[in-house]
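Letters A, B, ... are given to chains in the order of the sequence lines, protein chains preceding strands, and every chain is numbered from 1. Heavy atoms only: backbone and side chains are in, while hydrogens, waters and symmetry mates are out.
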Amino acid sequence: MNTNTAPDFIRARIAADLAAGKNDGRLVTRFPPEPNGYLHIGHAKSICLNFGVARENPGGVCHLRFDDTNPTKEEVEYAESIMRDVRWLGFDWGDKLFYASDYFERFHAYAIELIKMGKAYVCSLTPEEIRAYRGTLTEPGRDSPYRNRSVAENLDLFARMRAGEFADGTHILRAKIDMASPNLNMRDPAIYRIRKTSHHRTGDRWCLYPMYDFAHCLSDAIERITHSLCTLEFEDHRPLYDWFLDTLGTPYHPQQIEFARLNLTYTVMSKRKLLQLVHERLVDGWDDPRMLTISGLRRRGYTPAAIRNFCELIGLSKKDSRIDMGVLENCVRADLDENAPRRMAVLKPLKVIIDNYPDDLVEELTAENHPKRPELGTRQVPFCKEIYIERDDFLEEPPPKFFRLAPGREVRLRFAYLVTCQAVERDPKSGEITALHCTYDPKSRGGTAPDGRKVKGTLHWVSARHGARAEVRLYDRLFLSEDPEADKAVDFKQNLNPDSLTVLSDCWLEPSLGQGAEGQNYQFERQGYFYADPASASAAKPVFNRTVGLRDTWAKERGRD
RNA sequence: UGGGGAGUGGUCUAAUGGUAAGACAGCAGACUCUGACUCUGCCUAUUCGGGGUUCGAAUCCCUGCUCCCCAGCCA
């Protein structure tokens, strides 16, 4: 699918490193999520990169490492969902599962080393004071009054911090770097803060926890990661990443390389905002099919292959960009077109009575499961005098180029018969069309007339006497504007699309779809791809989620008037 | 008027001093028992602007502009 064979700048660099014999020819990457939320499509890009690069190179390895250094935000539920999602996407970390929290003792030892070198100190300023001392983007910061505490005093204080003698926020351990650095990250950044919170893995063993900048580079070094790939916003953390490792003289010094994170139109990607949508119940949980989380996409009916292909297609660079949602949609269409079995389902039913069809006759007609893959076989679909067709497939006054059903017009019922509309039945009060009367050509069984006459329109249908009733959920984009976060003055939730979910509860499925379809992808012919919602398996009637509609040039044509 | 990044068709990505390529979108058509799929053709960039070096510049130099990130005891 991706015809552009040129490697991206990261793969090119890795290839060069490998060719130059760097890192003894090893290649080790890592995917380092914080277990503070569910994975989304943006993480998929990183997962495909890190695991992909490892898979592509002989001997390459990718670690899954939980960056669990902040117990106030992290939960096991998240860690579990992350593992499930990475696996579902088709990647395997083997026995390379790590937790930053497993290194807490080593981090602590490194911190003490820093103190002994005179490169770290306990600062007892309040958070507000620290901010004031930090200076601004254009003014240098000022040294903390605690900056010159003796090594002995720092050691003592740090020990007492660990022992739990101090309350949250009263002291932190800081690196002693340069309060005048133009890079704010270098103005004596925090290394350890006190958090009397129990951790999802270490319980109450610790009351002080390392900061990201300290923990991440050390974790990478401990695991002997060769290429530490992260997003652009960490670019100006790289000097700090390098400072810690150089200052401590770790046996190994990984290379951090940054790339642009994924943005998509009509959605938000930050975990913080997704969490808000979940907590404020604006969506139906992390796996709401409108969410661009991995679990949401899964429940929507996306396939791992489609997501992987998408990640490959969009490329990799350092340029801020926003990918059109249509690209993602095309990727599932492509996968499902090839792999999803076809079925017929009527979403907005209109009854059709075939007047010249025997009252009690039921015929089992043969329908192919996939037009291009005969090996996927056929199925039998019952046909009788009363059927449903799609309301949109009939128009009393058809406009030009409309070649579906209309009074006096003949169309084909897919895999069945040619029928001609003879009369319209309507509600005398409302005038609403309640049913159509048609006649069929008995000689057109299967869908072709022996005289070879052509009909332009083919409609899908379901037997009104045999079909299974179902609920179908149609999803539209979650937000109204391409970039819901564009206007910083407006809450992004103001941009939510009120019509992002449409529930159709009077849908009719061909009988083969009535039960046991959960977790299956189908194409409902002429409509789109649908996924039998596993979360609704116990509902009274089957529930199908629309993954994505078929490309609809007729709708486009209509949209022009 | 600090620091770090980035600017190539509508959108992504490639071309790494040798004369702008691919994909998606769009448009037109062919095919069709899915107005799908597939196929064909077309369209859109003198590469953010301005200078310079060079036989030759998207690539190198100078200069200007625009956008993104950084002032958490978040990651």
What are the atom names and distances for every N/O pair under 3.5 Å that joins the protein to nucleotides 71-75 of chain B?
from: B:A71; atom 1: O3'; to: A:Arg134; atom 2: NH2; distance (Å): 3.3
from: B:A71; atom 1: O2'; to: A:Arg134; atom 2: NE; distance (Å): 3.0
from: B:G72; atom 1: OP2; to: A:Arg134; atom 2: NH2; distance (Å): 3.0
from: B:C73; atom 1: OP1; to: A:Arg134; atom 2: NH2; distance (Å): 3.4
from: B:C73; atom 1: OP2; to: A:Arg134; atom 2: NH1; distance (Å): 3.1
from: B:C73; atom 1: O3'; to: A:Arg195; atom 2: NH2; distance (Å): 3.4
from: B:C73; atom 1: N3; to: A:Gly169; atom 2: O; distance (Å): 3.4
from: B:C73; atom 1: N4; to: A:Leu125; atom 2: O; distance (Å): 3.1
from: B:C73; atom 1: N4; to: A:Pro127; atom 2: N; distance (Å): 3.4
from: B:C73; atom 1: N4; to: A:Gly169; atom 2: O; distance (Å): 2.8
from: B:C74; atom 1: OP1; to: A:Arg195; atom 2: NH2; distance (Å): 2.5
from: B:C74; atom 1: OP2; to: A:Arg193; atom 2: NE; distance (Å): 2.9
from: B:C74; atom 1: OP2; to: A:Arg193; atom 2: NH2; distance (Å): 2.8
from: B:C74; atom 1: OP2; to: A:Arg195; atom 2: NH2; distance (Å): 2.6
from: B:C74; atom 1: O3'; to: A:Arg193; atom 2: NH2; distance (Å): 3.1
from: B:C74; atom 1: O2'; to: A:Asn70; atom 2: ND2; distance (Å): 3.1
from: B:C74; atom 1: O2'; to: A:Lys73; atom 2: NZ; distance (Å): 3.4
from: B:A75; atom 1: OP1; to: A:Thr69; atom 2: OG1; distance (Å): 2.8
from: B:A75; atom 1: OP1; to: A:Arg193; atom 2: NH1; distance (Å): 3.3
from: B:A75; atom 1: OP1; to: A:Arg193; atom 2: NH2; distance (Å): 2.9
from: B:A75; atom 1: OP2; to: A:Tyr212; atom 2: N; distance (Å): 3.0
from: B:A75; atom 1: O3'; to: A:Asp67; atom 2: OD2; distance (Å): 3.3
from: B:A75; atom 1: N6; to: A:His237; atom 2: NE2; distance (Å): 3.3

Dump the pairs, protein N or O against N or O of nucleotides 39-44 of chain B, anything under 3.5 Å, distances to one decimal.
none

List, with names and distances, any nitrogen or oxygen atoms from the protein found under 3.5 Å away from nitrogen or oxygen atoms belonging to nucleotides 7-9 of chain B.
from: B:U8; atom 1: OP2; to: A:Lys319; atom 2: NZ; distance (Å): 2.2

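Base pairing annotation: B:C42 forms a Watson-Crick or G-U wobble pair with B:G26, both donor-acceptor distances under 3.5 Å. In this structure B:A21 sits in a base pair with B:U13, meeting the Watson-Crick or G-U test at under 3.5 Å.
Atom P of B:G49 sits at a distance of 46 Å from the matching atom of B:G35, rounded to the whole Å. B:G64 and B:U1 have their P atoms separated by 11 Å, with the value rounded to a whole Å. Taking atom C1' in both B:G52 and B:A45, one finds a spacing of 23 Å when rounded to whole Å. Rounded to whole Å, the P atom of B:C48 lies 9 Å from the corresponding atom of B:G7. For the P atom pair drawn from B:C61 and B:A20, the interatomic distance equals 23 Å after rounding to whole Å. Between the P atoms of B:C37 and B:C69, the separation comes to 37 Å (whole Å). Comparing B:U44 with B:U11, their C1' atoms are spaced 12 Å from each other, to the whole Å. Taking atom P on both nucleotides, B:A58 is separated from B:U53 by 16 Å, rounded to a whole Å.
The nearest heavy atom of RNA chain B to A:Glu525 and to A:Leu316 marks one nucleotide each, and the one closer to the 5' end goes with A:Leu316. Residues A:Gln527 and A:Gly326 each lie close to RNA chain B; by heavy-atom proximity, the contact nearer the 5' end of the strand is made by A:Gly326.
Evaluated for a ring pair (Phe, Tyr, Trp, His ring centres under 6.0 Å) with A:His171, the options A:Tyr121, A:Tyr192, A:Phe166 yield exactly one hit, A:Phe166.
Closest non-hydrogen pair, A:Val381 versus A:Glu510, comes out as CG2-OE2, 4.0 Å.
Every pair passing salt bridge (charged side-chain N to carboxylate O under 4.0 Å, His left out) that includes a residue from residues 236-245 of chain A is listed here, sequence neighbours excluded: A:Arg238-A:Glu258. Within the structure, salt bridge (charged side-chain N to carboxylate O under 4.0 Å, His left out) contacts touching residues 182-199 of chain A (residues at least two apart or in different chains) are A:Arg147-A:Asp188.
Distances shorter than 4.0 Å separate none of the side-chain N or O atoms of A:Thr138 from OP1 or OP2 on B:U1. Look at A:Arg404 and you won't find any side-chain N or O under 4.0 angstrom from OP1 or OP2 of B:G35. OP1 or OP2 of B:A25 sits under 4.0 Å from a side-chain N or O of A:Arg551. When the side-chain nitrogen and oxygen atoms of A:Asn183 are compared with OP1 and OP2 of B:G2, none of them lie within a distance under 4.0 Å.
Taking the ring axis of A:Tyr99 as reference, the NZ or CZ atom of A:Arg201 stays within 45° of it and closer than 6.0 Å to the ring centre. Both tests pass for A:Arg142 against the ring of A:Tyr133: distance under 6.0 Å to the centre and angle within 45° of the axis. With a 6.0 Å cutoff to the six-membered ring centre and a 45° limit on the axis angle, A:Arg162 counts as a cation-pi contact of A:Trp206.
Remark: aromatic rings of A:Phe544 and A:Phe524 are close, center separation under 6.0 Å. Aromatic ring centres of A:His108 and A:Phe158: separated by under 6.0 Å. Taking the six-membered ring for Trp, A:Phe214 and A:Tyr110 have ring centres at least 6.0 Å apart.
For A:Tyr440, the ring pair (Phe, Tyr, Trp, His ring centres under 6.0 Å) criterion is met by A:Tyr357, A:Tyr417, not counting sequence neighbours. The side-chain contact (heavy atoms from CB on, under 4.5 Å) test applied to A:Cys217 returns A:Tyr241, A:Phe244, A:Leu245, not counting sequence neighbours. Taking the side-chain contact (heavy atoms from CB on, under 4.5 Å) definition, one finds that A:Glu75 meets it with A:Glu77, A:Tyr78, sequence neighbours left out. Shown here are the side-chain contact (heavy atoms from CB on, under 4.5 Å) partners of A:Ala215, two or more places apart in sequence or in another chain: A:Thr69, A:Phe107, A:Pro210. Applying the side chain to side chain donor-acceptor pair (under 3.5 Å) criterion to A:Arg149, with sequence neighbours excluded, gives A:Ser124. Checked against side-chain contact (heavy atoms from CB on, under 4.5 Å), A:Thr231 has the following partners two or more places apart in sequence or in another chain: A:Glu233, A:Phe234, A:Phe259, A:Arg261.
Comparing atom distances between the A:Thr458 side chain and each of B:G5, B:U34, B:U38 picks out B:U34 as nearest. Side-chain atoms of A:Pro182 lie closest to B:G3 of the nucleotides B:U13, B:G3, B:G35. For A:Lys556, taking side-chain heavy atoms from C-beta onward, the closest of the listed nucleotides B:C24, B:G35, B:G26 is B:G26. Comparing B:G5, B:U34, B:G2 by their closest approach to the side chain of A:Arg414 singles out B:U34.
Across the protein-nucleic acid pair, A:Leu264 atom CG and B:A25 atom C1' stand 15 Å apart, rounded to whole Å. Here the P atom of nucleotide B:A36 and the NE2 atom of A:His370 are 15 Å apart, to the nearest Å. Atom pair A:Arg13:CZ and B:U16:P shows a separation of 19 Å (rounding to whole Å applied). Between the P atom of B:G35 and the CG atom of A:Asp392 lies a distance of 13 Å, rounded to the nearest Å. Note: CG (A:Asp236) to P (B:A6) measures 13 Å, nearest angstrom.
For the segment residues 39-48 of chain A, the set of residues with a heavy atom within less than 4.0 Å of an atom of RNA chain B is empty.
Anti is the glycosidic conformation of B:G5, whose angle departs from 0 by more than 90°.
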